[in-house]
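For ligands, and for the atoms within them, numbers begin at 1 and follow the listed sequence. Sequential numbering from 1 along the given sequence is applied to the chain's residues.
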Amino acid sequence: MNIKNYLLDQRKLVESALEKYMLEDDSVFSRHIEAMRYSLFAGGKRVRPILCLAAARAISDDKINIDTVLPIACALECIHTYSLIHDDLPAMDDDELRRGKPTNHTLFGEAQAILAGDGLLTHAFEILSDSAFSKIPDAARLRIIFTIAQAAGPQGMVGGQSLDIENEKQEITFETLQTIHRSKTGALITGSVLSGALAAGASEEQLESLTLYGNKIGLAFQIADDLLNVESTTEQLGKAAGSDAERGKATYPAFFGIAKTKTKANNVVSDAVDALKGFGPEATPLRELAKYIVNRTR
Ligand code: GRG
């Protein structure tokens, strides 16, 4: 399998679905919608929606109608984009560059950027709960909504962000670092995998394996992000490089050094691939995505 071509293909699929499920900026709310669209279509890697689609295919490759999973994939990208807009605000990381472009608040102002994030988060749940968007049975849809809300909320991504901010410039234990990674970054990644699997009718046993897979790739993703922050340039990343050290953030490289961190990242990816041993060739994209997550260059 050629992961490069696969990613290009899947990104195209996600982009056109986002066009379908995102609002047009032609109403009285055009400034707000323009601000949401600006960040949503600024060229993200679309890792979370792609994981969601790949997990659905790993459960039911031959029977799944991917059109039923695309609204979920789009909702995940809306939530992820909101988190980036808010993360870049002066009150948080105060960044000027994201996805290679000026951050939302530098163009639209802080108030509109906060609202763009709020709008994207809320619109995600509008997409997920609108029965017109999806043919998934209501009981499964409710469980998907719960899974995503839990992943994005106070005991997931938002909680992790709070913990991260609370601990900035402080000596923290490795255990706290792991909790921050698991919640801030890992929760939405695992939620993306699980929501796709639920849409395809996964069994409890399959969900258990995919939870382990998601937790491992979530950790691998954050370790890779920490490494890129040290080793890449702002130009390559499309966001500020070297910012973790500047802010005195605890990271894997800060704890273990670069070489040991790379070994750890590769071990975590092997664990992720092992978690899929109960699956056949239909899970090949999930296995390749795990490797891509640590080998990516941005
Ligand atoms: C509720 C006020 C308020 C703020 C919430 C939750 C939150 C702000 C921020 C946390 C989100 C965050 C920055 C997580 C770190 C995860 C991470 C490495 C994000 C970058 O993801 P990529 O590399 O980005 O997938 P692209 O641009 O490719 O989509």
Using atom types as modelled, flag every donor-acceptor pair under 3.5 Å from a side chain in residues 21-29 to any protein atom, sequence neighbours excluded.
| unit_1 | atom_1 | unit_2 | atom_2 | d |
| --- | --- | --- | --- | --- |
| S27 | OG | F29 | N | 3.1 |

For a quick test of your reading: what N or O donor-acceptor pairs under 3.5 Å do the side chains of residues 153-162 make, sequence neighbours left out?
| unit_1 | atom_1 | unit_2 | atom_2 | d |
| --- | --- | --- | --- | --- |
| Q161 | NE2 | D87 | OD1 | 2.7 |

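Looking at Q161, K184, K239, R298 and measuring to atom 15 (C) of ligand 1, the nearest heavy atom belongs to K184.
Counting only N and O atoms by type, the side chains of T176 and T179 include no donor and acceptor under 3.5 Å apart. No hydrogens or angles considered: nothing links the side chains of D93 and S243 as a donor-acceptor pair under 3.5 Å.
Salt bridge K239/D88: absent, no basic N to carboxylate O contact under 4.0 Å. Using a cut-off of 4.0 Å between Lys/Arg side-chain N and Asp/Glu carboxylate O, K291 and E288 are scored as salt-bridged. A salt bridge between R37 and E34 is absent, with no side-chain N of the basic residue lying under 4.0 Å from a carboxylate O of the acidic one.
For ligand 1 and M92, the ligand atoms under 4.0 Å from any heavy atom of the residue are 2 (C), 3 (C), 4 (C). Each of the atoms 22 (P), 23 (O), 24 (O), 25 (O), 26 (P), 28 (O), 29 (O) of ligand 1 lies under 4.0 Å from some heavy atom of K45. Of all atoms in ligand 1, listed by their number and element, those nearer than 4.0 Å to a heavy atom of D87 are 13 (C). If you number the atoms of ligand 1 from 1 as listed, the ones under 4.0 Å from a heavy atom of F221 come out as 18 (C), 21 (O), 22 (P), 23 (O), 25 (O).
Across L51, N215, L194, a single residue satisfies side chain to side chain contact (heavy atoms under 4.5 Å, CB included) together with L210, and that is L194.
Looking only at protein heavy atoms, the nearest one to atom 3 (C) of ligand 1 is H86 ND1, 3.3 Å. Considering only non-hydrogen protein atoms, atom 11 (C) of ligand 1 sits nearest to S83 OG, 3.3 Å. For atom 25 (O) of ligand 1, the closest non-hydrogen atom of the protein is R48 NH1, 2.8 Å. Atom 27 (O) of ligand 1 has as its closest protein heavy atom R99 NE, 2.8 Å. Looking from atom 6 (C) of ligand 1 to the surrounding protein, the closest heavy atom is M157 CG, 3.6 Å. The nearest protein atom to atom 1 (C) of ligand 1, hydrogens excluded, is given as Y82 OH, 3.5 Å; this is a heavy-atom distance. Annotation: atom 16 (C) of ligand 1 to nearest protein heavy atom, T185 OG1, 3.6 Å.
The side chain of H80, and not its backbone, has at least one atom closer than 4.0 Å to an atom of ligand 1 (non-hydrogen atoms only; side chain from C-beta on).
A side-chain donor-acceptor contact under 3.5 Å links R141 to the backbone of L128.
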